[in-house]
Colleague: 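So that we are looking at the same thing, I have put the structure below in structure tokens.
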Protein chains: 2
Amino acid sequence: MVNLADVARQAHVSQMTVSRVINHPNLVSDEVRDLVNQAIKAVGYQPNRIAKALVNQQNYVIQFIVLEDIATVEPNYAILLLEIAEVLNQKGYTLEISTILEPNSHVDGLIVSGWRDSDLERLSAINVPMVLYGQAPTWYDLPYVDVNNRMGTSLATTHLIEAGYKKVIYIGMTMALPFVREREQGYLETMAKHHLVSRTYDVSNHSHDAEKLIQNIIAHLPKNTGIVCATDRIALGVVRALKAQSQIPENYGVVGFDGVFIDQITSPKLTTIKQPFRQLANTLVSNLLNQLHHSELKTELIQPRLVKRDSTRQV
Amino acid sequence: MVNLADVARQAHVSQMTVSRVINHPNLVSDEVRDLVNQAIKAVGYQPNRIAKALVNQQNYVIQFIVLEDIATVEPNYAILLLEIAEVLNQKGYTLEISTILEPNSHVDGLIVSGWRDSDLERLSAINVPMVLYGQAPTWYDLPYVDVNNRMGTSLATTHLIEAGYKKVIYIGMTMALPFVREREQGYLETMAKHHLVSRTYDVSNHSHDAEKLIQNIIAHLPKNTGIVCATDRIALGVVRALKAQSQIPENYGVVGFDGVFIDQITSPKLTTIKQPFRQLANTLVSNLLNQLHHSELKTELIQPRLVKRDSTRQV
DNA sequence: TTGTATGCGTTATCAT
DNA sequence: ATGATAACGCATACAA
């Protein structure tokens, strides 16, 4: 392992000068700085994160905590995790993954996902920099990053209206979580804005439930109806129920939400609201590192994107 | 932060004695050991991984490298990653995730997945302990862990035969990877063993392709046929193509492979070969840690499990 | 069986 | 502007 001493020897300066060139280059004269930089390249020096961590009393470890059952959201997490890991590694941090909330002293910061309202009390008691993935109630002072769920369903609803579907209904989820309410609100608001009558249904977030719901209400569902779904999973069930009559997208238009994996395996392919996971990952990480360095708390909503495919009419 | 010195003071012994109690308890007298252990609890000591890493010239970081396009296998990876992370954390290691092959000096070991044959040359040149996820050719001396793919399709084929399907065909993948060949072999062998005529087709690993294939060959496909699919994705397309006539499982039986996520969202629910991801994760990790400590190379195949659901007849 | 001295690679502090 | 020294927490080698 090549260390500071090796570089120092090569450049005929002291260890400290090398350390300064790396951490406080403006405190070093131009000539010496160039000399040292050359030496660093020549010997192939790579800073030792462990030694740095020891002296700085930091660990350069961020823990990603998944509190919900993975099975419910698998594809999303794979993407998000990989994005976060990449961003973190770039900044010299390591990502640790955990499924329980019990922060060890060796983590510098927490990214928490899949939490329920009942977790927030416990979370706000923990004295480690953290950022939540998912919109949290404001009365806890916990910074969060999320996609703008309300805007998402609003985009979906607008798209269906503009595509000429006469009636537009919403199929939501039976979960008391902020993002669930937000998605519903996005639909309701947009319908109100267009002076249209809204109609919502609730199912569990499983394709088979959504499929059954549609089979039950199909008799009362006029042709030329648009269906905004709270998730791609629900949309999958809806599409399956309607496909038998191959009435998509002529008689029924379907829009999902998430845009990960499921949207690609439906038939017809799903028009959906895509969560920008790369951007979410970037924002989560920079948010957290900002807290570590400058200790500012900040909450952010990221804009989603409508992806038009075959389950809705081309406008 | 409470350290060895704090414990030592509490127990009225030296730092070294405390260190010994932790690392070599048999070198310490019983009384002193008990005393120190009490002190450890009393002051709430937690070993500092960073300091340990520095002195041991280890980093306690394992890198998980995903070389293939994530989009093709998302759900599987989410599960595998979380399992690996959990096992690793238990053993005091941290998991780092990367999508490129360029091991930094700060990683102690590599778990490599999604590699192609063309990567193996480069991999075997890297001088860091590693284990591959996925069966590799034996002429590279790289240890790997994989599910027993051959046994998997064999289980699937046997199940269909025993369920009374007269003809059993196989839909495989157009990829030149060992595991692809293994899965096909499992089918072919089992058919031969039962003195049955085998018939294989190939498609890309996309549900839409599989769906088209079935639509094209359905005319020549006699009733009472069993279909072994190389993946759940393919099975999903097959089920979709056959569902219009709702002939599953009476006239056609379908078995998939993987058992992650997709199998739950098909309709009817998929009979499939389940990859034991928890066991795979455990084996991958213990394999790697064995290399780190005792430097033995070992390759292992894990047994998969047949999960009978609604896409095949109950025997 | 227990304790002392030393060093891992880095950086902050203080001195020059 | 540059360098010498000490310190972070732990474990190995050696001494007692």
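Side-chain atoms are counted along with the backbone in the values below, which use heavy atoms only and exclude waters and symmetry mates. In what follows, chains carry the letters A, B, and so on, assigned in the order in which the sequence lines appear, proteins first and then strands, with residues in each chain numbered from 1.
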Colleague: Could you grab the distance from atom OG of A:S98 to atom CG of B:N89, nearest 0.5 Å is fine?
Modeller: 6.5 Å

Colleague: Report yes if at least one side-chain N or O of B:S29 is closer than 4.0 Å to OP1 or OP2 of C:dT2; otherwise report no.
Modeller: yes

Colleague: Give a yes/no answer on whether the side chain of B:S14 brings an N or O atom under 4.0 Å of OP1 or OP2 in C:dT2.
Modeller: no

Colleague: If I take atom CG in residue A:D30 and atom C1' in nucleotide D:dA1, what distance separates them, rounded to the nearest angstrom?
Modeller: 12 Å

Colleague: So which atom in B:M130 and which in B:L123 form the shortest heavy-atom distance, rounded to 0.1 Å?
Modeller: CE-O, 3.2 Å

Colleague: Minimum heavy-atom separation for A:L301 and A:Y144, please, with both atom names.
Modeller: CD2-CE1, 4.0 Å

Colleague: Sugar-phosphate means primed atoms, P, OP1 and OP2; the rest is base. With that split, encode nucleotides 7-16 of chain D 5' to 3' as B, S or - using protein heavy atoms under 4.0 Å.
Modeller: -BBBBB----

Colleague: Within the 3.5 Å criterion, strictly below it, is a donor on A:T283 or A:E300 matched to an acceptor on the partner's side chain?
Modeller: no

Colleague: Specify the separation, in whole Å, of atom CG of B:N59 and atom P of C:dC8.
Modeller: 16 Å

Colleague: Regarding B:R122 and B:D119, does a basic nitrogen lie under 4.0 Å from an acidic carboxylate oxygen?
Modeller: yes

Colleague: Using a strict cut-off of less than 4.0 Å between a Lys/Arg side-chain nitrogen and an Asp/Glu carboxylate oxygen, indicate whether A:R49 and B:E96 qualify as a salt bridge.
Modeller: yes

Colleague: Using 0.5 Å steps for rounding, measure from the OH atom of B:Y133 to the CG atom of B:N287.
Modeller: 14.0 Å

Colleague: In residues 34-44 of chain A, which residues come under 4.0 Å of DNA chain D by heavy atom?
Modeller: none

Colleague: If you measure from CD on B:Q135 to CG on B:N148, what distance do you get to the nearest 0.5 Å?
Modeller: 7.0 Å

